[in-house]
Amino acid sequence: MSSYSQTPIFLLLGLLLACLSFVAAFVICLRRLRRGYEARMRQLAERERVATGLHDTLLQSMQGLILRFHGVSHRLAADSAERATIEHILDQADEVLAEGRHQILALRMPVVYGDNLSQALAAIGQSLQDNFNTPFRMVVGGRPTAISGDRGEEIYSIAREALYNAFQHAQADSVELELVYGCEFFLLYVRDDGKGMEQPPDGLAGMRARAARLAATVEVLSLPEQGTEVILKVPGQICYQTPRHGGWQCRLAAWLGRTEHHG
């Protein structure tokens, strides 16, 4: 009789111990996640500090030197060998400066989690507009949906590369970025009205490698003197944190939800 009366107590104690074990494991997991997040934030803060230092010192100083050498070359005879040599060196210096800006953009990788992907891309578009003095605008279609963290960083990296190519190489009057939060796919378009291209853009292999990790595709369309468009297509079930259901309601919401952001 005594053992029977104690059985519920033992069951309750066992249940309590199981709950405590679960809570302890959950707390340990949270602590590990927090430590990982804090380490990631420290790493990004250090990268931002280095990027800011490079931009504010090295690149700005180099830009000043290039401008001074341009002034010297203009004082030489237009057909002189010395002027031709200086201008060739200055062309190479401009390429080095452009690559330096590109590397700084790569250092300034923001934390792209949840619904801040569009803000991060708007910020980089604004930065490129300021650096290259080319108008930029961003258009958002559909109902913005939270993007999974790792996927968001891959999408951001692809968009950054495509935007940089457009600003640096297209000789465009304007650059446009469009994000479409579709029901089945997340779509990203980078368009310019520049000279077009005869060969694949720089970094295309890297963009496609990143896209492959998302089960996504990257397509490049270009016409001479009519511009270039880079299209990234990512399955929604891969990148959205919360699954979305299709149907005419979703398509109507995407059409009504189109908004535009100027740089």
Contacts of type side chain to side chain donor-acceptor pair (under 3.5 Å), residue T134, not counting sequence neighbours: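 Result, side chain to side chain donor-acceptor pair (under 3.5 Å) vs T134: none returned.
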Pairing residues for D130 by the side chain to side chain donor-acceptor pair (under 3.5 Å) criterion, not counting sequence neighbours: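 For D130, the residues satisfying side chain to side chain donor-acceptor pair (under 3.5 Å) (neighbours in sequence not counted) are Q126.
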Heavy-atom closest contact ([X] atom, [Y] atom, distance):
{"X": "F136", "Y": "L121", "value": "CZ-O, 4.4 Å"}
{"X": "L188", "Y": "A159", "value": "CD1-CB, 3.7 Å"}
{"X": "A170", "Y": "A166", "value": "CB-O, 3.1 Å"}
{"X": "Y181", "Y": "R143", "value": "CB-O, 3.4 Å"}
{"X": "I158", "Y": "M207", "value": "O-SD, 3.6 Å"}

Taking the side chain as every heavy atom from C-beta outward, state whether [X] and [Y] have any atom pair closer than 4.5 Å.
{"X": "I155", "Y": "L232", "result": "yes"}
{"X": "Y156", "Y": "I124", "result": "yes"}
{"X": "L117", "Y": "F186", "result": "yes"}
{"X": "V180", "Y": "F185", "result": "no"}
{"X": "S118", "Y": "M138", "result": "yes"}
{"X": "E161", "Y": "N165", "result": "yes"}
{"X": "Y164", "Y": "L128", "result": "yes"}
{"X": "L221", "Y": "T228", "result": "no"}

Set of side chain to side chain contact (heavy atoms under 4.5 Å, CB included) partners for E82, sequence neighbours left out: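 Listed in chain order: L76, S80.
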Review item, side-chain donor-acceptor pairs of residues 211-220, under 3.5 Å, at least two apart:
unit_1	atom_1	unit_2	atom_2	d
R213	NE	E154	OE2	3.0
R213	NH2	E154	OE1	3.4
R213	NH2	E154	OE2	3.4

Rounded distance [0.5 Å steps], CD1 in I231 versus CD in E178: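 The CD1 atom of I231 sits 10.0 Å away from the CD atom of E178.
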CD on Q237 to CD on E184, rounded to 0.5 Å: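 If I round to the nearest 0.5 Å, the distance is 9.5 Å.
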Donor-acceptor contact below 3.5 Å, side chain [X] vs main chain [Y]:
{"X": "S127", "Y": "A123", "answer": "no"}
{"X": "Q241", "Y": "I147", "answer": "yes"}
{"X": "D193", "Y": "D173", "answer": "yes"}
{"X": "R151", "Y": "I238", "answer": "yes"}

Inter- and intrachain pairs under salt bridge (charged side-chain N to carboxylate O under 4.0 Å, His left out), touching residues 228-237, at least two apart: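 Pairs touching residues 228-237 that pass the test: R191-E229.
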